[in-house]
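The chains referred to below are lettered A, B, ... by the order of the sequence lines, with proteins before strands, and numbering in each begins at 1. We use all heavy atoms of the structure for the numbers below, so side chains are in, but hydrogens, waters and symmetry mates are not.
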Amino acid sequence: MSDYILEMIDINKSFPGVKALDNAQLKLKAGTVHALMGENGAGKSTLMKCLYGMYFADSGDIILDGENVSFKDSKEALDHGVAMIHQELQPIRMMTVGENIFLGNYPRTKLGLVDHDAMYKETEQYLEAVGLQVNPRTLLNELTVSQMQSVEIAKAISHHAKIVIMDEPTSSLTEAEVAKLFEIIEDLTDQNIAVIYISHKMKEILEISDEVTILRDGQYIGTWPANELDNNKIIHHMVGRELTSLFPPRTSMAQEEKVLEVENFTSPTALSFKGCSFDLKRGEILGVGGLVGAQRTELMEAIYGIRLHEDEGIIKKEGKQIRINRPQDAIRHGIALVTEDRRESGIFTVLSVSDNVAIASVNQYRHGPLLSLKEIDSVVEDSIDKLSIKTPTHQTPIGSLSGGNQQKVILARWLANAPDILILDEPTRGIDVGAKYEIYEIIGQLVEIGKSVIMITSEMAELLGLSDRIMVMCEGRISGFLDAKEATQEKVMDLATRFMGQGQDQQA
Amino acid sequence: MSEGKILKKDDFNFGAFLVNNALVLVAVVMVIFTALFADNFLTFNNLKNIIANTSLRAVIALGVSGCLIIRGTDLSAGRVVGITSVLSALMLQRPDAASEILYPGLAGSPIIAALAASMTLGLVFGLINGMIVALLKVPAFIATLGTQIAIYGLNMLLSQNVPIGSLNQNYADFGRSGLQLGPLVLPWLFFVAALVSLFMHVLYKRTTHGKYMYAIGGNEIAAEVSGVNTSKTKIMIFALAGALYGLAGFLLTAKTGSSAVGAGTGYELEAIAAATIGGVSTAGGIGTVPGVFLGVLVFELLKACLQFLGVPPEFTNIFQGLVIVAAVALDIRKTMRKK
Ligand SMILES: Nc1ncnc2c1ncn2[C@@H]1O[C@H](COP(=O)(O)OP(=O)(O)OP(=O)(O)O)[C@@H](O)[C@H]1O
Ligand SMILES: [Mg+2]
C-alpha cells in the first residue's frame with residue numbers, strides 16, 4: 001500500500017551481548033496515531049532511535065515518504081520532518097523556552113547575531129499551537145514536566161514535523177495533563193501529522209491509537225487496528241502467555257504494632273506539605289494517593305532526610321523517637337526510599353549494573369577492610385533473577401539498559417539493602433504489565449516477612465489493588481485515610497480534591 | 001564452525017579500536033621510530049631513566065585520578081610536590097655539609113622522619129582542599145587553583161628561594177639506584193610506585209571507599225540518596241591525594257639529589273593529562289589504576305622520544321600540549337560515540 005508515510009522493514013540492531021532488534025517492522029499511515037508496544041527491553045526505544053538518527057540500524061530499510069533514508073544524526077531526521085519526544089526529557093534547563101525551541105537554527109539578524117525578537121515572536125505562535133500559556137522568555141527550569149513536554153512538541157511543530165515520536169510521554173503527567181496531551185495529539189493528526197506513541201498504559205493506548213504494533217524480544221509480532229484489541233489480547237501478544245489477573249492474590253499482613261509514626265510534619269517552604277501525621281503498621285502496605293502536586297513526594301523525601309522540615313515534626317520508629325537529617329540516618333534506621341526521578345537521583349549511568357545494585361548495601365559485603373566481590377556477585381545474580389532484569393552481563397553499564405530495566409535495578413538496590421520500611425515513589429513507572437505483576441509479588445513477599453511498605457502511586461488501579469490502607473493527600477495536607485475494603489475510585493478522588501479551590505464556594 | 005569465526009572478525013571494529021587506543025598506538029610508533037633513528041635510545045640506562053620518571057609521575061597521577069573520577073580536579077598537585085620536596089631536602093641536609101644549611105634544627109633528621117613529615121604535610125594540604133570542596137562547596141578547579149598559589153607562596157618562604165643540596169648520602173643513593181637485574185637496574189622508585197599502585201587498585205576496586213568514589217562521579221545526587229557520605233568521601237579522596245603528592249615530593253628530591261622552590265612545577269597538568277590518556281573520564285565515574293599507569297608511561301615515552309630525536313624544547317612543549325588536547329578530545333569521542 002502506498003498510503004504509508006513511513007515503512008521500517010526488517011530492521012536489525014545488535015549491541016554487545018544483545019540483539020535488540022530482530023527483523024522489527026513498523027508501517028505508519030499519515031495522520032494516524034500508531035502505538036508501539038512491548039515488554040521492557042522489547043526494543044521499542046531502540047527502533048525509534050534508529051529512525052531518529054541516534055543509532056544506525058545494522059540492516060533493514062527505512063522508507064520515508066517513498067524515499068529510502070538513513071539519518072546520520074537527529075538534526076538530519078528533524079530536517080526530514082521526524083521529531084522525537086524522549087522517554088527521559090533532556091531540555092536545556094538554563095535556557096529559555098524560545099531558545100530551546102530554536103536550538104540549532106536560531107533566526108539571525110543582518111549582522112549575523114541571534115534575532116531575539118523574531119525568535120520569541122515566532123515562539124509565541126508555536127506555544128499557542130500546543131496551548132501552552134507561558135512567556136517564551138521563561139527558563140525551562142521553571143516549568144513542570146508537562147509544560148516541558150509541550151515545549152518539545154512545539155519544537156517538533158516548528159520543524160514542520162510529519163512524524164512525531166513520543167516515548168512514554170505520560171509517565172509523569174497528571175490525568176488532566178494527559179487529557180491535554182491527547183487534545184494536542186488530536187490537533188496534530190488533524191494536520192495530517194502521524195504520531196508514534198510508546199506507552200505501557202493499556203487504557204491510554206486503547207483510547208488514543210488507531211493502530212497498534214507489538215514487538216517481543218526485538219521481533220515483530222504484528223499490527224492490529226486498535227478497535228480489534230483489548231487488554232488481554234495485547235498482553236497475550238506482548239508476553240506470549242496469558243496473564244489472568246493484574247494483581248497477585250493476597251491477604252492483609254498488617255499487624256497491630258506501629259513501626260513508623262510521623263507527627264506534624266511541615267515544610268519550611270510555603271506551598272508544600274503541612275501538619276502531616278500518619279503511622280505505618282508492621283506488615284502493612286500503605287498506599288499514598290493524590291493528584292500530582294499534592295506534595296506526596298516532598299513529604300516522603302523529608303521523612304527520608306533529603307528535604308528540610310520544621311523542627312516540631314517528629315518521627316518515631318518502633319515507638320522510639322529518631323532524628324533523620326540525611327539519607328544515611330534513614331538507612332541506618334532501616335528506612336529506604338526509591339525516588340521518583342530515576343535519571344536525576346536514581347541511576348549511575350556510567351556504572352555497571354552490579355555497582356548500581358550494590359551501592360546502598362556495600363557495607364554488608366565488607367569483611368575487614370575489603371569487599372567480597374563474590375558476595376556482591378551473588379546478590380546481583382539473585383536480583384537479576386528475582387526481578388527478571390534484562391542485562392547482558394553484571395558489568396554492563398546501566399545506561400545501556402531499557403528504561404524499565406533501569407527501574408528494576410534501582411528496586412533491586414533497595415531490596416538488597418533489606419530495609420524494615422520501604423518507601424516507593426511511583427515504583428512501576430515505565431514498567432511493563434508482566435514486570436508490574438512481579439513487582440507486586442515482591443512487595444507482597446516483603447510484607448509477609450514483616451516488612452512495611454509505603455507506596456506513592458498515581459495509578460488508581462495500583463492504589464486500590466495493592467494497598468491495605470490508603471492515605472490521600474491534597475495540596476500538602478493529608479485529607480483522609482481509607483480502608484482498602486471500603487475504598488473506591490470516587491472516594492479517593494473526593495479526598496484528593498478535598499481542599500481544592502478552598503476560599504471559593506466549592507466545598508465544605 | 002568457520003562461519004562463527006568470520007562473524008567474530010566482523011565484530012572487531014577497527015575504527016573503534018584505533019580511537020580507543022590512539023595514543024598508545026602513537027607511542028608505540030614513536031618508540032619504534034626513535035629506536036631506529038636515534039642513537040642510544042634503546043639502552044639499559046635510558047630504560048632505567050624512563051622507568052624512574054614514570055614511577056614518580058605515576059604516584060602523582062594516581063593521587064589526581066581520584067579527584068578526576070569524582071568530576072573534580074586538583075591543580076595543587078605540583079605545588080604540594082614542590083613544598084614537600086623542599087621539606088624533605090631541608091630535613092635531610094647533611095649537618096656537616098659544606099654549603100649553607102638553612103635550618104640547622106631540621107637538618108640531619110632520619111630519612112623515615114622526612115618521609116613521614118612530607119606525607120603528613122601533603123595530607124594536610126589535601127585535607128584543606130577536600131574541606132573547601134566538600135564543605136564550602138567551592139568547585140575543585142577554583143579551590144585548588146587558590147590553594148596552589150598559596151602553597152607556592154609558603155614554599156618561597158620555607159625555601160628562602162635558595163637551592164638546597166648536600167643531602168644525606170643514603171637518601172640520594174636510594175633515589176638513584178635500584179635492583180640490579182643483569183644489565184638493567186630496576187629503580188627502587190619503581191617498587192614504591194608498584195606498591196602504591198597495588199594499594200590504590202585494591203582501594204578502588206575492593207573497598208566501600210572505592211565504590212563510593214565511583215558513585216559520586218557517576219551521579220552525586222543519587223549517591224547521596226543511596227546513603228553515601230559524599231562529603232567525607234570527597235575529603236578522604238583529596239587528603240589521600242595530598243599524601244601521595246607528599247610521597248612524590250620525597251621521592252623527587254631523592255631522585256634529583258637536591259631541591260628548590262620550583263620543584264614540581266607543572267606536574268599537576270602532566271598528571272591530569274596522563275590520567276586522561278589512561279582512560280580516566282573527565283565526565284566522571286570512570287577510570288582504573290592500570291589505565292592511569294599506562295597513561296603515565298605513554299606520556300613519559302613520548303617525552304623521551306622527542307628528547308632523543310633532538311627536538312628542541314619549544315617544540316616538545318607544543319607537542320605535549322597537542323597530546324593533552326588530543327587525549328581529552330578522544331575521551332569525549334569515546335563517550336559520545338554513536339553505538
Ligand atoms: N546503547 C545501548 N547499548 C547496549 N544495549 C542497549 C543500548 N540501548 C538499548 N540496549 C538494549 O537493547 C534492548 C532494547 O532496549 P530498548 O530501550 O529499545 O527497550 P524498550 O522496549 O524501549 O524498553 P522499556 O519499555 O523498558 O523502555 C535492551 O535489552 C537494552 O538493554
Ligand atoms: Mg524505552
Legend entry - Test item: Leu127(B) and Ile235(B) side chains (from C-beta on) under 4.5 Å apart, heavy atoms: yes
Inset, instruction - Inspect the surroundings of NE2 in His201(B) and state if more than 12 heavy atoms from other residues, nucleotides or ligands are less than 6.0 Å away. - result: no
Inset, instruction - Mind ranking Asp329(A), Asn417(A), Thr349(A), Leu373(A) by heavy-atom pairs under 4.5 Å with chain B and telling me who comes out on top? - result: Leu373(A)
Inset, instruction - Could you tell me whether Asp425(A) and Arg296(A) make a salt bridge, using a distance below 4.0 angstrom between a side-chain N and a carboxylate O? - result: no
Legend entry - Part of Ile331(A) lying under 4.5 Å from any heavy atom of chain B: side chain
Legend entry - Non-hydrogen side-chain atoms of Leu260(A) and Ile335(A) separated by less than 4.5 Å: yes
Legend entry - Test item: Ser361(A) side-chain N/O and Gln364(A) main-chain N/O as donor-acceptor pair under 3.5 Å: no
Legend entry - Side chain, backbone, both or neither of Arg332(A) within contact of chain B (heavy atoms, under 4.5 Å): neither
Inset, instruction - Could you have a look at Asn229(B), Ile221(B), Leu203(B) and say which one has the most heavy-atom pairs with chain A under 4.5 angstrom? - result: Asn229(B)
Inset, instruction - Under 4.5 Å heavy-atom distance to chain B, tell me which part of Ile410(A) shows up: side chain, backbone, both or neither. - result: neither
Inset, instruction - Could you look at Leu351(A) and say if it's the side chain, the backbone, both or neither that has a heavy atom under 4.5 Å from chain B? - result: side chain
Inset, instruction - Measure up the Phe15(A) and Tyr55(A) rings against each other and bin them: parallel (under 30°), tilted (30 to 60°), perpendicular (over 60°). - result: perpendicular
Legend entry - Per-residue contact mode, Asn356(A) against chain B (heavy atom under 4.5 angstrom): neither
Legend entry - Contacting moiety of Tyr304(A), where chain B heavy atoms sit under 4.5 Å: side chain
Legend entry - Largest heavy-atom contact set with chain A, pairs under 4.5 Å, which of Val228(B), Thr207(B), Val225(B): Val225(B)
Inset, instruction - Take atom CD1 of Ile112(B) as the centre, draw a 6.0 Å sphere, and report whether it contains more than 12 heavy atoms from other residues, nucleotides or ligands. - result: no
Inset, instruction - Count the heavy-atom pairs under 4.5 Å between each of Arg366(A), Lys49(A), Glu344(A) and chain B, then report the option with the highest count. - result: Glu344(A)
